[in-house]
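Have a look at the structure below before the remarks.
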Amino acid sequence: MIKRLDISTYEAINENFNNFYNSNLELDKPSRKLTEVASQLDMNDLSGTVEKFKGFSTEEIIDYLVFNHHYYLTKKLPELQQSILHVFGHEDVSNLLKTLAMFFGKYQKSLISHIKMEENVFFPMAKDLASSSKEQMSKTKKWTSFIEFLGNHDPIEDELKKVNLIIKEAVKDMKVPFAYSVFMNQIDLFELDLKRHAIIEDEVLLPRVEAML
């Protein structure tokens with residue numbers, strides 16, 4: 001019998017998960033038109049991306065991104081957590097597979113930190129710049145906030161892609177149980193969603209903020 005791997009490290013990563021995000025928080029859904037434009041992005045051809053979002057205000061785009069964050073933290077990540085627990089529940093799953101699942105758990109911690117930084121630093125600054133209060137912001141405060149954002153704005157979607165590739169490479173010659181296949185499919189879909197999210201941040205919102213500084 002395979003020795004069961006201690007999952008205390010993974011559980012510690014998720015401790016106080018809801019301290020940052022309230023799963024009962026009610027957010028207004030972004031406009032259907034904005035959601036449709038975002039869902040139709042060609043992630044292999046970014047030409048024209050900025051033009052597609054010209055009809056939406058900076059506040060609307062930020063609210064869309066915040067709504068996505070809420071969706072990730074209250075639905076997508078809990079679903080992945082559940083899949084990981086199912087993986088741990090199989091005696092026929094090797095310690096390698098369990099370790100790789102925990103590797104994703106550590107990525108999740110990075111993602112939560114990334115979201116916290118954006119919502120505590122970057123988005124409030126961007127909204128202030130886009131509103132009538134922007135004249136009240138000192139140049140020092142604007143640049144300090146922007147530099148803090150840039151210094152911590154890691155390409156979190158690229159990090160997930162690396163995690164995904166490492167996992168797939170490690171298990172490519174292994175017969176994996178159904179629970180692990182479900183987990184991998186969920187990661188593929190999440191990676192695609194995060195890439196779309198990142199394009200809107202980096203190609204649409206970030207240039208707008210830079211232009212307002």
Side-chain angles (χ1 to χ4, degrees), residues 17-43 46-80 107-138 141-160 186 189-213:
F17 177 79
N18 284 323
N19 281 359
F20 170 60
Y21 239 88
N22 179 2
S23 60
N24 296 315
L25 180 66
E26 292 293 333
L27 296 176
D28 292 332
K29 289 186 177 181
S31 73
R32 179 176 296 181
K33 186 176 180 181
L34 193 159
T35 302
E36 287 176 354
V37 170
S39 66
Q40 293 169 7
L41 283 177
D42 182 351
M43 286 174 280
L46 301 184
S47 60
T49 298
V50 173
E51 296 294 326
K52 292 173 183 176
F53 289 88
K54 270 195 171 180
F56 304 104
S57 69
T58 299
E59 290 89 344
E60 285 178 305
I61 292 171
I62 292 173
D63 289 344
Y64 168 81
L65 295 172
V66 170
F67 188 86
N68 277 359
H69 286 172
H70 181 72
Y71 175 70
Y72 297 155
L73 293 177
T74 61
K75 182 171 175 62
K76 298 298 290 185
L77 289 183
E79 286 176 353
L80 283 161
Y107 165 78
Q108 175 180 300
K109 185 177 180 180
S110 298
L111 176 62
I112 293 171
S113 296
H114 179 93
I115 290 174
K116 287 173 69 174
M117 182 277 299
E118 288 188 342
E119 298 208 4
N120 291 335
V121 177
F122 182 54
F123 290 169
M125 179 202 69
K127 280 195 169 185
D128 283 344
L129 284 171
S131 71
S132 58
S133 64
K134 65 182 178 182
E135 299 299 331
Q136 300 171 5
M137 291 181 68
S138 70
K141 181 179 178 181
K142 286 189 289 188
W143 276 103
T144 299
S145 297
F146 188 63
I147 290 170
E148 181 180 354
F149 164 71
L150 290 180
N152 292 279
H153 187 60
D154 298 323
I156 201 73
E157 72 285 356
D158 289 346
E159 190 177 336
L160 178 58
Q186 287 176 312
L189 294 174
F190 191 33
E191 182 185 328
L192 189 65
D193 207 354
L194 273 181
K195 185 176 180 181
R196 180 181 296 109
H197 183 90
I199 287 172
I200 297 172
E201 279 188 358
D202 297 342
E203 302 295 326
V204 180
L205 181 59
L206 190 54
R208 286 194 187 191
V209 172
E210 289 178 317
M212 290 187 286
L213 287 171

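- A heavy-atom distance below 4.5 Å is not found between the side chains of L80 and Y107.
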Legend entry - Steps toward side-chain contact (heavy atoms from CB on, under 4.5 Å) verdict (L65, F122): CA-CA 12 Å; L65 295 172; F122 182 54; over 6 Å; no
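- Residue L194 holds its CG atom at 9.5 Å from NZ of K76, rounded to the nearest 0.5 Å.
- Taking all atoms of both residues into account, the shortest heavy-atom contact from R196 to S39 is NE-CA, 3.8 Å.
- The structure places CG of L192 at 4.0 Å from CE of M43, a figure rounded to the nearest 0.5 Å.
- Across all non-hydrogen atoms, the minimal contact from S57 to E60 is N-OE1, 2.8 Å.
- Between H197 and H69, the ring planes are tilted. Angles from 30° to 60° get that label.
- Considering only heavy atoms from C-beta on, P30 comes within 4.5 Å of T35 through its side chain.
- You'll find the side chain of V204 stays beyond 4.5 Å of the side chain of K52, heavy atoms only.
- A distance of 8.5 Å separates CE of M117 from CZ of F123, quoted to the nearest 0.5 Å.
- Residues satisfying the ring pair (Phe, Tyr, Trp, His ring centres under 6.0 Å) criterion with F56, sequence neighbours excluded, are absent altogether.
- Here the side chains of I200 and L205 are not in contact, with every heavy-atom distance at 4.5 Å or above.
- Put simply, the side chain of Y72 does not reach to within 4.5 Å of the side chain of Q108, judged on heavy atoms.
- Scanning all heavy atoms of the two residues, the minimum distance from A126 to I62 falls at CB-CD1, 3.6 Å.
- Side-chain contact between E118 and H114 is present, with heavy atoms from C-beta onward closer than 4.5 Å.
- For the atom pair CD of E203 and OG1 of T49, the computed distance is 6.0 Å after rounding to the nearest 0.5 Å.
- Checked for salt-bridge contact, E79 and K75 meet the test: a charged N lies under 4.0 Å from a carboxylate O.
- By the 4.0 Å N-to-carboxylate-O rule, K127 lies close enough to D63 to be salt-bridged with it.
- With respect to E51 and K54, a salt bridge is recorded, a charged nitrogen being found less than 4.0 Å from a carboxylate O.
- You'll find the side chain of I115 stays beyond 4.5 Å of the side chain of H70, heavy atoms only.
- If you take CD on E201 and CG on N68, they are separated by 9.0 Å, rounding to the nearest 0.5 Å.
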